[in-house]
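What's counted below: heavy atoms across the whole structure, side chains too, no hydrogens, waters or symmetry copies. Numbers for residues simply follow the sequence, beginning at 1.
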Amino acid sequence: MLRIQEVLKEKNISQIELAERMKLSKEGLNKKINGNPTIKSLRTIAEAIDVDVRELIEPTKAGDNEELYIKRDGSFIPIGEIQKLKP
C-alpha cells in the first residue's frame with residue numbers, strides 16, 4: 001500500500017505542485033500514483049518531495065517495527081523505525 005497522498009499532506013505539497021516538480025501533467029502524475037508505479041517512478045516521486053523512497057510505502061507487516069526516537073532539549077523526536085527483536 002502506498003502512502004504518497006499522506007506524505008504529500010505531511011509535507012504540505014499539492015498534487016499539482018508535485019506534478020510541476022516532476023514536469024508532468026496532473027493526469028500523468030495521477031497515472032503514476034494510482035496505477036502500479038515502478039520503483040523508478042517511486043524514486044522520482046520521493047526525490048521530488050525530498051523523502052526516502054521507503055516513506056512512500058506502508059509496511060506490510062504491522063507490528064514488526066517500532067518507532068525510533070532521539071531526545072533533544074527534553075523532547076522526543078521520531079527519526080524512523082527499527083525492527084523489533086525476536087524473543
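- Between the CG atom of Leu42 and the CD1 atom of Ile57 there is a distance of 5.5 Å, given to the nearest 0.5 Å.
- Ile70 is not connected to Phe76 by any chain of hydrophobic side-chain contacts under 4.5 Å among Ile, Leu, Val, Met, Phe, Trp and Tyr, and they are in different clusters.
- For the pair Leu68 and Pro78, the minimum side-chain heavy-atom distance is 4.5 Å or more.
- Thr44 and Ser41 are not linked by any side-chain donor-acceptor pair at a separation below 3.5 angstrom, with hydrogens and angles left out of the test.
- By the side-chain contact (heavy atoms from CB on, under 4.5 Å) test, Ala19 pairs with Leu29, sequence neighbours left out.
- Considering only heavy atoms from C-beta on, Val53 stays 4.5 Å or farther from Ile39 through its side chain.
- With a 4.5 Å cut-off on side-chain heavy atoms, Asn30 and Gln15 count as touching.
- Atom OG of Ser14 and atom CD of Glu20 lie 7.0 Å apart (nearest 0.5 Å).
- In this structure, OH in Tyr69 is found 10.5 Å from CD1 in Ile79, a value given to the nearest 0.5 Å.
- With values rounded to the nearest 0.5 angstrom, Ile4 atom CD1 is found 8.0 Å from Leu18 atom CG.
- No continuous path of hydrophobic side-chain contacts links Ile33 to Ile16 [ILVMFWY only; heavy atoms under 4.5 Å].
- Residue pairs meeting the salt bridge (Lys or Arg N to Asp or Glu O under 4.0 Å) criterion with at least one member in residues 27-48: none, sequence neighbours excluded.
- Salt bridge present: Glu10 and Arg3 bring a charged side-chain N and a carboxylate O closer than 4.0 Å.
- One distance of note links CD of Glu17 with CE of Met22; it measures 13.0 Å at 0.5 Å rounding.
- For the atom pair CD1 of Ile77 and CZ of Arg72, the computed distance is 5.0 Å after rounding to the nearest 0.5 Å.
- Ile13 has its side chain out of reach of Val7: every pair of non-hydrogen atoms, C-beta onward, lies at least 4.5 Å apart.
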